[in-house]
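First the structure, in the form of structure tokens, and then the observations on it.
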Amino acid sequence: MTGRSQKSHIRTYFVVYAALLIYIGLVFYFLFQGGKTSFMVLAMATILGVYWLLGLFGGVRKAKGQHQLGGERLSQFQAESHIPVKLAIQIPGWMPVPYVEVRDELYRFDQLVHKEETIVFLDQKRLATIEYHTPKLERGCYQFARTTCCTRDLFGLFRYQGLFRNEQMLYVLPKMIPIASWKQSSSFKGSVDPEASYTKHRRESTVADGIRDYVHGDRLSRIHWNATARSGSLKSKQFEPEGTPMLAIVLDLSQASYKDAASFELAVSITASLMRYAARQQRRVIVAGVGKELKLWGTDAVRHETSSLRQWLSSIQMERTDEGAEDSWLEAWQKHPDLKRGGTLAWVSGHLTLEQERILSHLSKLNWQGSYFVAGDHAGTDDAKLRSKLSRYPYAYVPVKELHQLSERLEGNSA
């Protein structure tokens, strides 16, 4: 307990004991003195005591509230953004409340990151609204764990406090940048340019790829009747074109692969940006995290950006991997039906290690080829050595020191 809080408690106890002694004195005064004056004084003291007791067990102590995050979807909140917060507070009861001191606390991974303090006044319906913006938030999982409401009685003698807990979670995604094109994804053997795959006349497979608007000439068998009924306009089934390779975006979670936390955050942002690009291009894509184990997110989860995927991107952290962990998830990789046939690989890490070199060599034998993204300043310390190691495998070395360089690197500008 802090010194300020301790002094406040001592003052409260002193006021309570003093009021109790005064009231006892008034009772004895009425019993021994009698008369209208003693009765009126005791009656007023009793009414005042009832008012204080009602404030002690009700009023602000039963405060309720609800947070609204600017009326936007949680998926739109990215790192380094100020998030608008609207807090609606209701104080039940009928006892007069002169004002309310509100302290709203925002936690990230159980650590206090922001505290908003203000004073509000209730309207006729005993409601109050607070609007503010958070500071720039890092990627992570946030929670408005506790909101404290305080007030005093009309005479300023007693302080009443109440709190409510809001279990609403706020997931701040990693920072992302738009990617115009990815030339390297179509330069590998057997790959298809995603920008052209849906503009050229190509034979379609039987693998469902979503729903699109009806185009004149579509067969009746292609019409999606359920979606048509829900939307009120004709919708057609969409299928993946044949020959489109699977794209696997892999984020290395091993702590030994990163120089510092900033490099890992950059790697997560690269992964999320590539994921958004692949989803926009309607690629068959799988997002994976490799560390102690293999964590996979399928094509549907990436295309619709499900809440579980957003939570993972917001809360994922580096892991300390044990010896032999790579063999465990490599075995799971080879058994996965969408991964055992090979495709285009986008591996994102902090720097190349001997274990990663062995893994990339093994994946190349399984018909995986693609790009190796190195995040952070550590990428440029031994550029020639990294390139020589990767030259034996079909992987393009893509150094990204800052996130804004990602789009240039993918367009083929390595300067």
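No hydrogens, no waters, no symmetry mates; every other heavy atom, side chains included, goes into these values. From a predicted model like this one, the values you see are computed outputs, not experimental measurements.
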**OP:** Could you tell me whether a side-chain N or O of Arg126 sits under 3.5 Å from a main-chain N or O of Ile91, the two making a donor and an acceptor?
**Re:** yes
**OP:** Kindly indicate, with the supporting measurements, whether the criterion side chain to side chain contact (heavy atoms under 4.5 Å, CB included) is fulfilled by Leu122 and Leu127.
**Re:** CA-CA 5 Å; Leu122 303 181; Leu127 299 174; over 6 Å; no
Subject >> Nearest atoms (heavy-atom pairs only) where Cys141 meets Tyr171 >> reply: SG-CE2, 3.5 Å
**OP:** Can you measure from CG (Asp300) to NE2 (His304) and round to the nearest 0.5 angstrom?
**Re:** 5.0 Å
Original post:
Is Glu105 paired with Arg103 through a side-chain N to carboxylate O contact shorter than 4.0 Å?
Top reply: yes
Subject >> Approximate separation, where rounding is to 0.5 Å, of Arg165 CZ and Gln143 CD >> reply: 9.0 Å
**OP:** State, with a plain yes or no, whether a side-chain heavy atom of Leu403 is found less than 4.5 Å away from one of Ile270.
**Re:** yes
Original post:
Should the pair Phe264 and Tyr258 be assigned to parallel (<30°), tilted (30 to 60°) or perpendicular (>60°) ring geometry?
Top reply: perpendicular
Original post:
Among Ile130, Leu69, Thr129, which one satisfies side chain to side chain contact (heavy atoms under 4.5 Å, CB included) with Lys86?
Top reply: Thr129
Name every donor-acceptor pair, under 3.5 Å, that has one atom in a side chain of residues 172-180 and the other anywhere in the protein, sequence neighbours excluded.
{"from": "Lys175", "atom 1": "NZ", "to": "Glu80", "atom 2": "OE1", "distance (Å)": "3.4"}

Original post:
Judged by atom type as modelled, is there a donor-acceptor pair below 3.5 Å linking the side chain of His114 to the main-chain atoms of Leu106?
Top reply: no
Subject >> Heavy-atom pair with the smallest gap, counting every atom of Leu266 and Gly376 >> reply: CD2-N, 3.2 Å
Original post:
Can Ser257 and Gln356 be said to form a side chain to side chain donor-acceptor pair (under 3.5 Å), step by step?
Top reply: CA-CA 9 Å; Ser257 301; Gln356 289 187 32; 2.9 Å; yes
Original post:
Has Asp110 got more than 12 heavy atoms of other residues, nucleotides or ligands less than 6.0 Å from its CG?
Top reply: no
Original post:
Are Arg139 and Glu265 close enough for a salt bridge, meaning some N to O gap below 4.0 Å?
Top reply: yes
**OP:** Tell me whether the guanidinium CZ or amine NZ of Lys295 lies under 6.0 angstrom from the six-membered ring centre of Trp297 and within 45° of its axis.
**Re:** yes
**OP:** Please step through side chain to side chain contact (heavy atoms under 4.5 Å, CB included) for the pair Leu345 and Leu360, ending with a clear verdict.
**Re:** CA-CA 10 Å; Leu345 179 68; Leu360 293 175; 4.2 Å; yes
**OP:** Can you measure from CD (Gln369) to CG (Leu363) and round to the nearest 0.5 angstrom?
**Re:** 12.0 Å
**OP:** Give a yes or no on whether the backbone of Cys150 and the side-chain of Gln161 come within a donor-acceptor separation of less than 3.5 Å.
**Re:** no
Subject >> Pair Arg152 + Glu101: basic N to acidic O under 4.0 Å >> reply: no
Subject >> Val287 side chain reached by Trp312 side chain, heavy atoms, under 4.5 Å >> reply: yes
Original post:
Looking only at atom types and distance, does a side-chain atom of Gln281 sit under 3.5 Å from a main-chain N or O of Tyr277, one as donor and one as acceptor?
Top reply: no
Subject >> Heavy-atom check, side chain of Val250 versus side chain of Val348, under 4.5 Å >> reply: no
**OP:** Might you point out which heavy atoms bring Gly140 and Phe109 nearest each other, and give the distance in Å?
**Re:** CA-CZ, 3.9 Å
Subject >> Point-to-point distance, once rounded to the nearest 0.5 Å, from CG of Leu112 to OH of Tyr107 >> reply: 5.0 Å
**OP:** Answer yes or no: is there a donor N or O on one side and an acceptor on the other, between the side chain of Ser273 and the main chain of Ser269, under 3.5 Å?
**Re:** yes
Subject >> Side chain Thr147, main chain Asp104, donor-acceptor under 3.5 Å >> reply: no
**OP:** Of all the heavy-atom pairs spanning Leu410 and Ser181, show the shortest one and how long it is.
**Re:** CB-O, 3.5 Å
Original post:
For the residue pair Gly370 and Thr344, what are the closest heavy atoms and their distance?
Top reply: CA-CG2, 4.4 Å
Subject >> Minimum heavy-atom distance Leu137-Leu170, with the two atoms named >> reply: CD1-CD2, 4.2 Å
**OP:** Enter the distance from Arg303:CZ to Thr306:OG1 here, rounded to the nearest 0.5 Å.
**Re:** 12.5 Å
**OP:** Using the side chain to side chain contact (heavy atoms under 4.5 Å, CB included) rule, take Tyr142 and Arg108 through it: C-alpha gap first, then chi angles, then the decisive distance, then the call.
**Re:** CA-CA 5 Å; Tyr142 294 81; Arg108 176 181 182 266; 3.1 Å; yes
Original post:
Within a radius of less than 6.0 Å around CZ of Arg320, do more than 12 heavy atoms belonging to other residues, nucleotides or ligands occur?
Top reply: no
Original post:
How about Val285 and Ile249: do any of their side-chain heavy atoms sit closer than 4.5 Å?
Top reply: yes
Original post:
Which is it for Glu131 and Val85 under the side chain to side chain contact (heavy atoms under 4.5 Å, CB included) test, yes or no, and what are the steps along the way?
Top reply: CA-CA 6 Å; Glu131 295 184 4; Val85 179; over 6 Å; no
Subject >> Validation row: Ile359, Leu330 side chains within 4.5 angstrom (heavy atoms) >> reply: yes
**OP:** Please check if the side chain of Arg310 supplies one atom and the backbone of Glu305 the other of a donor-acceptor pair under 3.5 Å.
**Re:** yes
Original post:
Got Phe373 and Leu251 here, is their nearest side-chain heavy-atom distance under 4.5 Å?
Top reply: no
Original post:
Does atom CD of Gln111 have more than 12 heavy-atom neighbours from other groups under 6.0 Å away?
Top reply: no
Original post:
Under 6.0 Å between the ring centres of Tyr395 and Tyr372?
Top reply: no
Subject >> Cys149 side chain near Leu163 side chain, heavy-atom distance below 4.5 Å >> reply: no
Subject >> side-chain hydrogen bond (donor to acceptor under 3.5 Å, both in side chains): pairs with one or both residues in residues 357-368, sequence neighbours excluded >> reply: Asp327-Arg358, Gln334-His362, Glu355-Arg358, Glu357-Arg392
Original post:
What's the spacing between His67 NE2 and Phe144 CZ if we round to 0.5 Å?
Top reply: 5.0 Å
Original post:
Between Ser349 and Val374, is any pair of side-chain heavy atoms under 4.5 Å apart?
Top reply: no
**OP:** Look only at the side chain of His82 and the backbone of Thr134, and say whether a donor-acceptor pair between them is shorter than 3.5 Å.
**Re:** yes
